[in-house]
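Scroll down for the structure; my scribbles are underneath it.
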Amino acid sequence: GAIAGEAYFGEKCPPEKLEQLERSIAIAEKREGKVLAGVLVSYFGFEKRTLKDAKQREGIFLLTEREVNKIAARFGYRQL
């Protein structure tokens with residue numbers, strides 16, 4: 001299976017970016033078959049509505065700068 005991802009590097013990530021992630025998931029499903037997860041990364045965090053909307057969607061994961069840096073440290077990569 002595949003993992004679809006989107007990144008947002010502005011202010012707090014708006015809910016429209018979730019819609020873009022869902023379109024990316026649909027494209028990945030057509031090309032790769034099963035999509036295991038959708039990941040939305042936002043360095044500056046997420047708007048409250050984005051958090052609320054994401055909780056209602058199965059298989060969607062949100063990562064902030066903190067989580068990205070934890071992953072980078074775990075695998076020996078440079079942190080952001």
Side-chain angles (χ1 to χ4, degrees):
I3 296 175
E6 290 288 338
Y8 187 78
F9 293 101
E11 298 170 354
K12 291 191 177 214
C13 182
E16 292 79 17
K17 197 67 177 172
L18 273 177
E19 295 168 13
Q20 187 173 349
L21 176 59
E22 289 180 329
R23 288 191 297 272
S24 295
I25 291 170
I27 292 167
E29 285 174 338
K30 287 180 184 176
R31 298 183 82 187
E32 302 296 328
K34 182 173 175 76
V35 173
L36 302 173
V39 179
L40 180 55
V41 179
S42 175
Y43 190 83
F44 297 105
F46 301 90
E47 291 181 7
K48 288 182 182 182
R49 188 166 144 234
T50 307
L51 294 170
K52 180 183 169 200
D53 290 354
K55 286 181 183 179
Q56 298 172 359
R57 294 175 165 97
E58 189 175 325
I60 300 290
F61 299 91
L62 305 180
L63 300 178
T64 64
E65 175 255 346
R66 181 177 178 214
E67 288 87 17
V68 171
N69 281 330
K70 281 184 178 182
I71 293 167
R74 171 70 173 89
F75 290 96
Y77 287 100
R78 180 181 65 85
Q79 295 183 19
L80 301 176

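Below, all heavy atoms of this structure are taken into account, side chains as well, without hydrogens, waters or symmetry copies. This structure is a prediction, so every number in the text was calculated from the model and none was measured.
- In this structure, Glu58 places its CD atom where only 12 or fewer heavy-atom neighbours from other residues, nucleotides or ligands lie under 6.0 Å away.
- Within the model, atoms CZ of Arg74 and NZ of Lys70 stand 13.0 Å from one another, a figure rounded to the nearest 0.5 Å.
- Pairs passing the side chain to side chain donor-acceptor pair (under 3.5 Å) check and including a residue from residues 37-47, sequence neighbours excluded, do not occur.
- With sequence neighbours excluded, the residues forming a side-chain hydrogen bond (donor to acceptor under 3.5 Å, both in side chains) with Asn69 are Glu65, listed by chain and number.
- Every pair passing salt bridge (Lys or Arg N to Asp or Glu O under 4.0 Å) that includes a residue from residues 5-16 is listed here, sequence neighbours excluded: Glu6-Lys17.
- Sorted pairs that involve residues 26-35 and meet salt bridge (Lys or Arg N to Asp or Glu O under 4.0 Å), not counting sequence neighbours, are lacking altogether.
- For Arg49, the salt bridge (Lys or Arg N to Asp or Glu O under 4.0 Å) criterion is met by Asp53, not counting sequence neighbours.
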Problem set entry | Verdict with supporting geometry, Leu63 and Ile71, side chain to side chain contact (heavy atoms under 4.5 Å, CB included) | CA-CA 10 Å; Leu63 300 178; Ile71 293 167; 4.3 Å; yes
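- Under the rule for a side-chain contact (heavy atoms from CB on, under 4.5 Å), the partners of Tyr77 that lie at least two apart in sequence or sit in another chain are Ala72, Phe75.
- Through side-chain heavy atoms spaced under 4.5 Å, either directly or across other Ile, Leu, Val, Met, Phe, Trp or Tyr residues, Phe46 is tied to Leu18, Leu21, Ile25, Val35, Leu40, Leu51, Ile60, Leu62.
- With sequence neighbours excluded, the residues forming a salt bridge (Lys or Arg N to Asp or Glu O under 4.0 Å) with Glu22 are Arg57, listed by chain and number.
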